[in-house]
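Data first, discussion second: the structure below is written as structure tokens.
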Amino acid sequence: MKHKIFDSKSGAFFHFTEDICSDIEEVFSLNGPNHILWNRSKENFLFHCDDKEVYLRSNSFCTITALNQIHIPKQNSTLTVISFNREFYCLRDHDHEISCNGILFYGAQELPVLKINKSDQLVFENLIKLFQKEFQENDQVHLEMVVSLLKVMIIQLTRIGRNQIKGLIAEPSSIEMIRKFNLLVDQGFKTKKQVNEYAFELGLSAKRLSEIFRKGGLGSPLQIIHNRIILEAKRLLLFSDKSILEISDALGYEEPGQFSKLFKKVANSSPSEFKSINRKN
């Protein structure tokens, strides 16, 4: 089953499918959607995200932002995917409602993959049934109902993510600070590269912020900043025609050598080596 909402005036896009392999071109041909992937089959589902190969295990979720580059090879397994763009529901503007950024979407340092238990599976299966029922309606509150169901799904996943994702098993206040830091880094990494710049925005000292990350079992805040910079660099190296000099400039480095030194430290290869190895057909 699949369902699509597209408003040509606003550009709002929402797509629901229970078999992404039959809808790949339609879902991934448009720029900008975020995706919620749920493997409801008994087999692992293989796909590629940026420079990583991902095996999504049975009964697992994965969330992917519009910034990620996705490739799904043809396979026999099925995958339920919900896709939506910022015109349909903006995660950044509505962060106060769902608190998912920095955990599930923008600012999440690792690709969020969540394994759900049987009781949670029932919750999400019921949500899918509600989606399916709503797709049969065509009244004036249809759009609002779909948005509401999407919000419920994201909130449920965020709750699970807070308990599963590395570094988030901590006091609620610390989790919220880590989440906000991740989101700030995602928004400002091109211009702000020092921990004290983010600590100031959070109303903390750099020392206190580092202590929160240490207790959460995460790398240092500076490592988070560096990882986000290099993640963006990898995307540009793989999926753009920019030269290394242009990428260095786009990421806020006046000296290309400084960028290349950081890239090699984090990625264990130079930018040119990474590009040569990973862009081979």
Side-chain angles (χ1 to χ4, degrees), residues 3-16 27-38 49-50 61-70 81-112 114 124 127 130-131 134-135 140-162 165 168 172-192 197-204 224-225 228-229 231-232 235 250 252:
H3 180 80
K4 182 175 73 172
I5 297 172
F6 180 71
D7 186 335
S8 58
K9 291 183 179 180
S10 67
F13 171 82
F14 174 90
H15 191 281
F16 171 95
V27 173
F28 295 107
S29 63
L30 296 178
N31 293 324
N34 300 294
H35 307 281
I36 299 173
L37 283 57
W38 182 14
C49 181
D50 297 330
F61 277 88
C62 181
T63 52
I64 297 173
T65 74
L67 299 174
N68 295 111
Q69 297 289 332
I70 308 300
V81 177
I82 293 174
S83 306
F84 59 98
N85 64 4
R86 68 184 306 273
E87 288 76 17
F88 184 82
Y89 187 73
C90 182
L91 295 170
R92 293 186 189 276
D93 290 350
H94 295 91
D95 188 63
H96 63 285
E97 296 178 347
I98 50 181
S99 300
C100 68
N101 295 317
I103 296 177
L104 296 183
F105 290 99
Y106 300 99
Q109 297 301 316
E110 299 290 338
L111 190 67
L114 309 175
F124 288 108
L127 264 174
L130 289 173
F131 269 116
E134 185 55 37
F135 297 152
Q140 60 184 4
V141 296
H142 171 63
L143 180 62
E144 192 64 35
M145 276 296 294
V146 174
V147 171
S148 297
L149 291 171
L150 175 64
K151 287 166 60 176
V152 170
M153 176 168 278
I154 293 172
I155 289 169
Q156 291 290 348
L157 287 173
T158 300
R159 287 173 172 170
I160 294 170
R162 285 175 179 269
I165 296 173
L168 296 180
S173 60
S174 295
I175 292 174
E176 186 64 9
M177 199 60 67
I178 291 168
R179 188 184 76 82
K180 288 182 177 179
F181 173 81
N182 285 342
L183 184 55
L184 286 174
V185 170
D186 195 68
Q187 295 171 333
F189 67 93
K190 293 180 182 179
T191 57
K192 300 173 184 176
E197 295 177 280
Y198 296 101
F200 177 79
E201 289 191 62
L202 293 169
L204 301 173
I224 300 298
I225 297 168
R228 182 62 185 90
I229 293 168
L231 175 61
E232 192 69 16
R235 288 171 179 162

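What you see is a predicted model, and the numbers here were worked out from it, not measured in a lab.
Under a 3.5 Å cut-off, the side chain of Asn68 and the backbone N or O of Thr65 do form a donor-acceptor pair.
The OG1 atom of Thr63 sits 12.0 Å away from atom CE of Met153, with the distance rounded to the nearest 0.5 Å. With rounding to the nearest 0.5 Å, the separation of CG in Asn182 from CD1 in Ile225 is 10.5 Å. The NZ atom of Lys180 lies 8.5 Å from the OG atom of Ser99; values are rounded to the nearest 0.5 Å. Between atom SG of residue Cys62 and atom CD1 of residue Ile70 there is a gap of 7.5 Å, rounded to the nearest 0.5 Å. The distance from the NE2 atom of His142 to the CD1 atom of Ile5 is 4.0 Å, given to the nearest 0.5 Å. Considering CG of Asn34 and OG of Ser83, their distance stands at 9.0 Å, rounded to 0.5 Å.
Note: Tyr198 and Phe181 have perpendicular aromatic rings, judged against thresholds of 30 and 60 degrees for the angle between ring planes. Ring-plane geometry between Phe13 and Phe6 is classed as perpendicular, the angle between the planes exceeding 60 degrees on a 0 to 90 degree scale with a lower cut at 30. Using cut-offs of 30° and 60° on the angle between ring planes, the pair Trp38 and Phe61 is parallel.
In this structure, Lys192 and Glu201 have side chains that are in contact, with non-hydrogen atoms separated by less than 4.5 Å. Asp93 places a side-chain heavy atom less than 4.5 Å from the side chain of Arg86. Proximity of Thr158 to Arg179: side-chain heavy atoms (C-beta onward) are nowhere separated by under 4.5 Å. The shortest distance between side-chain heavy atoms of Arg228 and Glu232 falls below 4.5 Å. Between Leu183 and Gln187, some side-chain heavy-atom pair lies under the 4.5 Å cut-off. Contact of the Ile82 side chain with the Phe131 side chain is registered, since non-hydrogen atoms from C-beta on lie closer than 4.5 Å. For the pair Leu91/Tyr89, a side-chain contact is recorded, criterion being any heavy-atom separation below 4.5 Å from C-beta on.
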The test is side-chain contact (heavy atoms from CB on, under 4.5 Å); show your working for Phe14 and Leu143 and say whether it passes. CA-CA 10 Å; Phe14 174 90; Leu143 180 62; over 6 Å; no
Could you walk me through whether Ile36 and Ile154 pass the side-chain contact (heavy atoms from CB on, under 4.5 Å) check? CA-CA 9 Å; Ile36 299 173; Ile154 293 172; 4.0 Å; yes
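Heavy atoms from other residues, nucleotides or ligands lying under 6.0 Å from CZ of Arg235 number more than 12.
Here the closest heavy-atom approach between residue Glu97 and residue Ile155 is recorded as O-CD1, 4.1 Å. In this structure, Leu111 and Cys49 approach most closely via the heavy-atom pair CD1-SG, 3.9 Å. Looking at every heavy atom in both residues, Gly11 comes nearest to Asn85 through O-ND2, 2.8 Å. Residues Val81 and Leu37 share a closest heavy-atom pair of CG2-CG, 4.0 Å. Lys9 and Asp7 get closest at one heavy-atom pair: N-OD1, 2.9 Å. Considering all non-hydrogen atoms of both residues, His35 and Phe105 come closest at O-CE2, 4.0 Å.
Of the residues Leu184, Ile229, Ile224, the one that meets the side chain to side chain contact (heavy atoms under 4.5 Å, CB included) test with Phe189 is Ile229.
Residues passing the ring-ring contact (aromatic ring centres under 6.0 Å, His included) test with Phe84, sequence neighbours excluded: none.
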